[in-house]
Amino acid sequence: MSFMGSKSAARHADKKNCPIRLLTVGIASIAAGATLLGFVSPALAADNSTDQNTVNEQIAAASKALEKAKATLTDKKNAADQATAYKAQGTAGYFKYVGATGAYQVLTDSTVNGKLAPSIKLGDPKDATSIDNMVATMEQLQKANQLRVNEGKPELKVSDTLMAIAQADVDWASTNIDHPQQFTVGENLSWGNIDPFISWYDEEKAAHDFNVAHPSDPQKIDGHYLNIVSDKYDITGFAKSQYPNPYNNMTYGQTFYMSSAIKSVAPASYEEKDKSQLVSASYTHPAANIATPASVFTAAADTSNIYAGSRTMTVADYTANLKTYQNWIADPQKDVSSAQAAVDNAQAAYDALIAKQQPKPGNTPTAPKPPTPDRINRAHGTAPGSKPVSDPVQGRALPKTRTSADPAKTRLAQTGSNILGVVAVAIGLCLTAVSAFVLKRKAV
C-alpha cells in the first residue's frame, strides 16, 4: 500500500470513530455536570459536614458551661441574702451560722437572758454584739492566756456560749456598774480602763502576794487575778462594749467555766455543783478604786440548754474562724458579682458558637436552647473552715474550634459549580444527540 493510500485509510477510520468519540465525551460531560450539581464536590461537602459537627459539639459543651454558671449564680445570690441577714444580727448571726444554738439563745431569747434583754442591741457598732468588737476581743483572750502560761498554767479555750454570756453581761453592766448574775459563770468586769488586765492581773497579783505573805492581816481583793490563773477553769469568753458608762466609753468582761461540769452535770444539779467548784470573783470600782466582792454564780434563769452546739476552740482557731465569717459578711455581693461575670462570659461563648453554625441548603438550623437551671434555696451555712465558701465558677473552656470554610466563599463555589454543572450537562446532551444522529445515518 502506498503512503497516500495509508493516509486515506486513516482518515476514513477517524471519520468512522468520530461519532463514538463524541458520544463518549458527551456522556463524560453529563457525568461531570451531575457531579457539580450534586453540591460543590464530595471533598468540600465532607469538610463542611466535619466543621458543622465540631461546632455542634462545642455548642453542647458551651450550653452545659452556661447552665453551670447560672446555677452557681443562683447559689451565690442565696448565700448573699443569708449573709445580709446574718450581718444584721451581729454576733448572734455568727452563732446561728456556726450552729451554736445555745449561744444564740443567750443573746436573743428573753426567757434565757431575762433582765439583760433590753440592754442588748444586736449588731450596733458600739454593742458587745458587734462583730468588729468581738474580733477585737481575741487580742484580750491571747493576753489572758499568755499571763496563764507565764505562771505555768495551761491556756484556756474559747467557748461560743461563754462568748455570748460575756457579751450579754457587758451590755447590761455598761450602764449598771455591777455583775448581772444572770448566768452561772465566773466573771471579771472592768469599767474605765484602757487595759483591764492592769487592774485584774497586775494590781491584784500584788494584792494576792500580800495576802499569802500576811494571812493574818486584812485581805486585799484578788478575785480577778484568781479567776485568770485558776486551775479549775479551762474555757472562757470575752466581750467589750463602747457604750458610755460613768467613767468612759469602754466596758470589758471575761467569763470563765469548766467544760467538765457541762459534760457531767445534769440540769437539775447544775447550780449547786457549779457554786461549790467555782472561784469567787470580785470587781474594782474604778472611781475610788474600792474593791467590792461580788458573787456571780447563782443563775437567775434555767440555763440548762445554753451550751447546746457550743464549740470549744483554741484562741488562734477561733480567731481564724471568726475572721473568715467577718470577711464573708463584709461584702455579700462580691461573690455575686464574680458569678454574674462568669454567666456573662459563658453566654457570650454560647452566642458566638450559635453564630458560627452553618445552615444546610433549604433548612434553617435550630440551635439548642441553653437549659434553665432549677433555683436552689440553700438553708443555713456551716462554720467557716468546716465548709469554706466555694469560689464562683468561671465557665468551662471550650474545645479548640476547627477553622471552617468562609461562608461567602462557600456560597460562591456552590453557585459556580451549579452554573458549570448545567453547562456541562447541556454540552453533554448536545454531543450525545449529535453522535447518536450520525451513527443512525451511517447505519442506514
Side-chain angles (χ1 to χ4, degrees), residues 76 78-110 112-113 116-117 119-142 156-172 183 185 235-243 252-255 257 303 305-335 378-390:
K76 296 303 180 183
N78 290 338
D81 290 343
Q82 289 182 356
T84 300
Y86 289 138
K87 184 177 182 179
Q89 290 190 295
T91 60
Y94 172 67
F95 295 131
K96 183 177 182 179
Y97 182 80
V98 300
T101 57
Y104 180 78
Q105 288 181 331
V106 167
L107 296 178
T108 61
D109 190 342
S110 60
V112 174
N113 55 37
L116 311 184
S119 301
I120 302 171
K121 304 294 188 296
L122 293 176
D124 187 288
K126 294 183 178 181
D127 201 270
T129 62
S130 158
I131 285 292
D132 291 342
N133 282 339
M134 185 179 182
V135 171
T137 63
M138 297 296 105
E139 183 178 345
Q140 275 78 32
L141 286 170
Q142 290 174 348
L156 301 174
K157 291 188 175 181
V158 186
S159 159
D160 287 323
T161 294
L162 290 185
M163 290 295 292
I165 291 174
Q167 291 163 12
D169 282 4
V170 163
D171 278 346
W172 183 88
F183 300 100
V185 292
I235 55 175
T236 188
F238 207 104
K240 77 169 186 177
S241 80
Q242 300 179 57
Y243 291 129
Y252 290 100
Q254 185 171 11
T255 51
Y257 202 53
T303 58
N305 293 320
I306 63 173
Y307 288 92
S310 182
R311 302 166 305 161
T312 299
M313 305 168 67
T314 66
V315 174
D317 287 345
Y318 202 93
T319 301
N321 187 269
L322 181 59
K323 286 185 175 180
T324 298
Y325 175 84
Q326 182 187 35
N327 291 336
W328 177 56
I329 65 171
D331 186 6
Q333 295 302 317
K334 180 180 179 180
D335 287 345
R378 295 289 175 88
H380 301 314
T382 56
S386 64
K387 185 179 180 181
V389 181
S390 53

Taking Asp171 for its side chain and Ala128 for its backbone only, find out whether a donor-acceptor pair lies under 3.5 Å.
-> yes

Anything under 30° is parallel, anything over 60° is perpendicular, the rest tilted; go ahead and classify Tyr252 against Phe238.
-> perpendicular

Return the minimal non-hydrogen interatomic distance between Lys240 and Val170, and the atom names on each side.
-> C-CG1, 4.0 Å

First locate atom OG1 of Thr91, then atom CD1 of Ile131, and finally report the distance between them rounded to the nearest 0.5 Å.
-> 6.0 Å

Looking only at heavy atoms, which two atoms of Tyr318 and Met163 are closest? And how far apart?
-> OH-CG, 4.0 Å

Any chance the side chains of Asp132 and Ser130 put a donor and an acceptor closer than 3.5 Å?
-> no

For Ser310 and Asp160, indicate whether the former's side chain and the latter's backbone hold a donor-acceptor pair under 3.5 Å.
-> yes

With a 4.5 Å limit on heavy-atom distance, are the side chains of Asn133 and Thr137 in contact?
-> no

At what distance, to the nearest 0.5 angstrom, does CD1 of Ile120 lie from CG of Asn113?
-> 4.5 Å

Kindly compute the distance separating NZ (Lys157) from CG (Leu162), expressed to the nearest 0.5 Å.
-> 14.0 Å

List the atom of Ala92, the atom of Tyr104, and the distance in Å for their closest heavy-atom pair.
-> O-CD1, 3.1 Å

At what distance, to the nearest 0.5 angstrom, does CD of Gln326 lie from CE of Met134?
-> 10.5 Å

Determine, step by step, whether Arg311 and Asn321 satisfy the side chain to side chain contact (heavy atoms under 4.5 Å, CB included) criterion, reporting the C-alpha distance in whole Å, the side-chain angles of both residues, the deciding distance to 0.1 Å, and the verdict.
-> CA-CA 11 Å; Arg311 302 166 305 161; Asn321 187 269; 3.2 Å; yes

In short, Leu116 meets Phe183 closest at the heavy-atom pair CD1-CE1, 3.7 Å

Any idea how Tyr307 and Tyr257 line up, ring-wise: parallel (<30°), tilted (30 to 60°), or perpendicular (>60°)?
-> parallel

Point-to-point distance, once rounded to the nearest 0.5 Å, from CG of Leu322 to CG of Asn327 | 9.5 Å

When you measure from the side chain of Asp127 to the backbone N and O of Lys121, does any donor-acceptor pair fall under 3.5 Å?
-> yes

Is any side-chain heavy atom of Asp331 closer than 4.5 Å to a side-chain heavy atom of Gln333?
-> yes

Looking only at heavy atoms, what is the nearest atom pair of Pro332 and Ala80, with distance?
-> O-CB, 3.3 Å

Here the gap from Gln89 atom CD to Ile329 atom CD1, rounded to the nearest 0.5 Å, amounts to 11.0 Å

On a heavy-atom basis, the closest approach of Ala330 and Lys87 is O-NZ, 3.8 Å

Look only at the side chain of Thr314 and the backbone of Asp317, and say whether a donor-acceptor pair between them is shorter than 3.5 Å.
-> yes

